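Below: the structure, in structure tokens.
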Number of protein chains: 2
Amino acid sequence: MVQQPMYQQIAEKLRARIEAGELAPGAQLPTELELRDQYSSSRNTIRDAIKRLTSQGLVETRPGQGTFVTPRVDPFVSELSGDPTRGPGEGAAYLSEVNKSNRSPSVTLPRVEVQIPPTEVKRRLRVPPNTQVVSRHESRHIDGIPWSMQTSFYPMEFITRGATHLLMAQNIEEGAVQYLAQAIDVRQVGYTDWITARVPNKNEQSFFGLAYDATVFEIFRTGFDQTGTALRVTVTVWPADRNQFIVNVGKVPDLEY
Amino acid sequence: MVQQPMYQQIAEKLRARIEAGELAPGAQLPTELELRDQYSSSRNTIRDAIKRLTSQGLVETRPGQGTFVTPRVDPFVSELSGDPTRGPGEGAAYLSEVNKSNRSPSVTLPRVEVQIPPTEVKRRLRVPPNTQVVSRHESRHIDGIPWSMQTSFYPMEFITRGATHLLMAQNIEEGAVQYLAQAIDVRQVGYTDWITARVPNKNEQSFFGLAYDATVFEIFRTGFDQTGTALRVTVTVWPADRNQFIVNVGKVPDLEY
DNA sequence: GGGTATTTGTCCGTATGTATT
DNA sequence: AAATACATACGGACAAATACC
């Protein structure tokens, strides 16, 4: 085994102090200058060590204040395999699911737009190029913490066929999927979730308060009707540090996770 | 909008050059000294800019060679919602699934151990503290690229009840779940997948060739029998840069992703 | 195989800016 | 306003990895 560079050794020592509990979640680390003296090093080397820990989410730095052990957050668990006739945490369904775990969720009013969708969405909705669609964007908090951002895309023809609520900047209480069934008899009988992970963009960094090198889940949910036609695509972005997912297949016992 | 620091501006300019196609995937960037001159900066500032790009997976550096635009990999898509009576990409099932996409998969021989499982596994398998279990660890490559690492845990009593193949360091052709059904009539009727993302540990970094700040998916699959008893826990680790997942619920048309 | 040039990695010192208390 | 702590930026020196002759 070769000798590791100094800044990695220091990072490991700090990690050990954290994981041993000597530095509890939320506690402040020694300042960079103190650490420099403790480890007989230079401030820049200490900073390199701390950078390693921050990009692993172990500590966070606050200018003017200090460096702190990242407080542990209680992750929220979302079930992806639910009722195929419902949306992804939509409307009341989502709120009650969250409430079960004694948490207080909130949803912003949707921002509704008519636009040409991003390529990934176009492919899944199977609409021709330059076709406009309705998009509904909303974000959710749990216990005051930003938890997810979501944009749903629907074909424009749903509006002309009578599903006019899709264009209104108001929450659809029963969920958009249920609304479509009741308003214009478009029924979702199944969906496909496509799960990826990536780094957050600028918007997501500021909304979630994430570092540029953090990780978010991005899940594309495509809903299908009886004929196998895509009736909507919902894109949800979830910070990986506070979200986890469950998929149930077949017969499983009632949970405690 | 405030003025951004120089190293971030440089990072953005380099990103623009990459995304414009001026620097194609696999292409070499100018050396740090050349970039220093191009942007009238210092080498350390250039290095800070490049660090931002590497931790976003946009470029990679090779000591002694240079900095290169990260080659795009064709991600492999795994379906989590499959047959509840089968394992996760187990045995022949996994291999044929991969083959469909014209890729050539391979699986290592399992490393079999009898051990006390990690806490997370213990909780899911619902075994008492200090209970030993059988673990079977294997890793998979696709087209020569390391793709996933997997460890399955089974109760020891399965051995005494006759499922002795579990202890053998050989691949179980039909998959361990099918084997359990046939050998000792323990049948998996459903499973729960629990999906998280985290940074890779040392082992995973070296096996997958990942940076310390990369992201891996970690999926815990708990299989249940007719009585709702957990019959095994399988932990699979997948690098996020080359893996994506699909979950189908309800009736969905035949795919193209 | 050895030697040399090139390129990135590590480490240090210093100065100044910005955020917070 | 002053002190404290992290952030940015530059310069320099040497080490380590790689490629090439």
Side-chain angles (χ1 to χ4, degrees), chain A residues 1-14 18 23 26-71 205-206 209-214, chain B residues 1-14 18 23 26-70 202 205-206 209-214:
Chain A
M1 184 63 109
V2 291
Q3 164 91 354
Q4 273 195 326
M6 180 111 51
Y7 74 95
Q8 289 185 27
Q9 294 180 37
I10 295 174
E12 285 311 308
K13 285 178 187 165
L14 288 173
I18 291 171
L23 296 164
Q28 179 168 10
L29 271 68
T31 68
E32 293 174 349
L33 294 181
E34 286 167 346
L35 288 171
R36 176 197 60 183
D37 295 340
Q38 283 183 29
Y39 292 107
S40 309
S41 169
S42 77
R43 186 176 161 226
N44 278 329
T45 300
I46 295 296
R47 283 180 60 76
D48 282 344
I50 291 180
K51 262 179 228 158
R52 268 181 91 84
L53 301 179
T54 54
S55 54
Q56 295 175 289
L58 212 60
V59 304
E60 54 191 45
T61 58
R62 301 180 209 141
Q65 297 188 49
T67 305
F68 301 83
V69 181
T70 305
Q205 283 169 39
S206 75
L210 293 175
Y212 72 98
D213 62 350
Chain B
M1 183 63 110
V2 292
Q3 163 92 355
Q4 273 195 326
M6 178 110 52
Y7 74 95
Q8 289 184 27
Q9 294 180 38
I10 296 175
E12 285 313 308
K13 285 178 186 164
L14 288 174
I18 291 170
L23 295 164
Q28 179 168 11
L29 270 68
T31 67
E32 292 174 350
L33 294 181
E34 285 166 348
L35 288 171
R36 176 196 61 184
D37 296 340
Q38 283 181 29
Y39 292 107
S40 308
S41 168
S42 76
R43 184 177 162 224
N44 277 328
T45 300
I46 295 297
R47 282 179 62 76
D48 281 344
I50 290 179
K51 263 179 226 158
R52 267 182 92 84
L53 301 180
T54 54
S55 55
Q56 294 175 276
L58 213 59
V59 304
E60 53 191 44
T61 57
R62 302 182 207 141
Q65 298 188 48
T67 305
F68 301 83
V69 181
T70 305
K202 280 270 173 56
Q205 284 169 38
S206 76
L210 294 175
Y212 70 98
D213 62 349

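A note on names: the letters A, B, ... follow the listed sequences, proteins ahead of strands, and every chain is numbered from 1. Please read all numbers here as calculations on a predicted model, not as lab measurements.
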Ignoring the backbone of [X], work out which of [options] is nearest its side chain.
X: B:S42; options: C:dT8, D:dT8, D:dG11; answer: D:dG11
X: A:P5; options: D:dC6, C:dT8, C:dC11; answer: C:dC11
X: B:E32; options: C:dA19, D:dA5, C:dG9; answer: C:dG9
X: A:M6; options: C:dT10, D:dT8, C:dC11; answer: C:dC11
X: B:Q8; options: D:dT18, D:dT8, D:dA7; answer: D:dT8
X: A:T31; options: D:dC6, C:dT8, C:dT21; answer: D:dC6

Would the distance check show the side chain of [X] and the main-chain N or O of [Y] forming a donor-acceptor pair, the cut-off being under 3.5 Å?
X: B:T61; Y: B:T67; result: no
X: A:Q28; Y: A:Q65; result: yes
X: A:E34; Y: A:T31; result: yes

Examine [N]: is either OP1 or OP2 under 4.0 Å from a nitrogen or oxygen in the side chain of [X]? Give yes or no.
X: B:Q65; N: D:dA19; result: yes
X: B:T45; N: D:dC10; result: yes
X: B:T61; N: C:dT8; result: no

Open item on the list: Over all strands shown, is B:E60 touching base, sugar-phosphate only, or nothing at heavy-atom distances under 4.0 angstrom?
Closed with: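 Nothing, no heavy atom under 4.0 Å.
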
TODO: Answer with base, sugar-phosphate or nothing: what part of the nucleic acid does A:R47 contact at a heavy-atom distance below 4.0 Å?
DONE: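 Touches a base.
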
What is the distance, rounded to the nearest whole Å, between atom [atom1] of [X] and atom [atom2] of [N]?
X: B:L35; N: D:dC10; atom1: CG; atom2: P; value: 13 Å
X: B:L33; N: D:dG11; atom1: CG; atom2: C1'; value: 13 Å
X: B:Y7; N: C:dT16; atom1: OH; atom2: C1'; value: 16 Å
X: B:D48; N: D:dC10; atom1: CG; atom2: P; value: 10 Å
X: B:Q4; N: D:dA7; atom1: CD; atom2: P; value: 16 Å
X: B:L29; N: C:dT7; atom1: CG; atom2: C1'; value: 13 Å
X: A:Y39; N: C:dC12; atom1: OH; atom2: P; value: 14 Å
X: B:R36; N: C:dT8; atom1: CZ; atom2: P; value: 12 Å

Open item on the list: Need to verify one output field. Residue with the more 5' nearest nucleotide on DNA chain C, A:R62 or A:S41?
Closed with: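 That would be A:S41.
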
Task: 5'-most by nearest nucleotide on DNA chain C - B:Q28 or B:N44 - done: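 Mapping each residue to its closest nucleotide by heavy atoms, the 5'-most match is B:Q28.
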
[atom1]/[X] to [atom2]/[Y] distance, rounded to the nearest 0.5 angstrom?
X: A:R52; Y: B:D213; atom1: CZ; atom2: CG; answer: 8.5 Å
X: A:L14; Y: A:L35; atom1: CG; atom2: CG; answer: 6.0 Å
X: A:N44; Y: A:E32; atom1: CG; atom2: CD; answer: 9.0 Å

Open item on the list: Is there, by distance only and without an angle test, a donor paired with an acceptor across the side chain of A:R43 and the base of D:dA7 below 3.5 Å?
Closed with: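 Check passes, donor-acceptor contact within cut-off.
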
TODO: Once you apply the 3.5 Å cut-off to both distances, tell me the Watson-Crick or G-U wobble partner of D:dA1, or none.
DONE: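 Result: none.
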
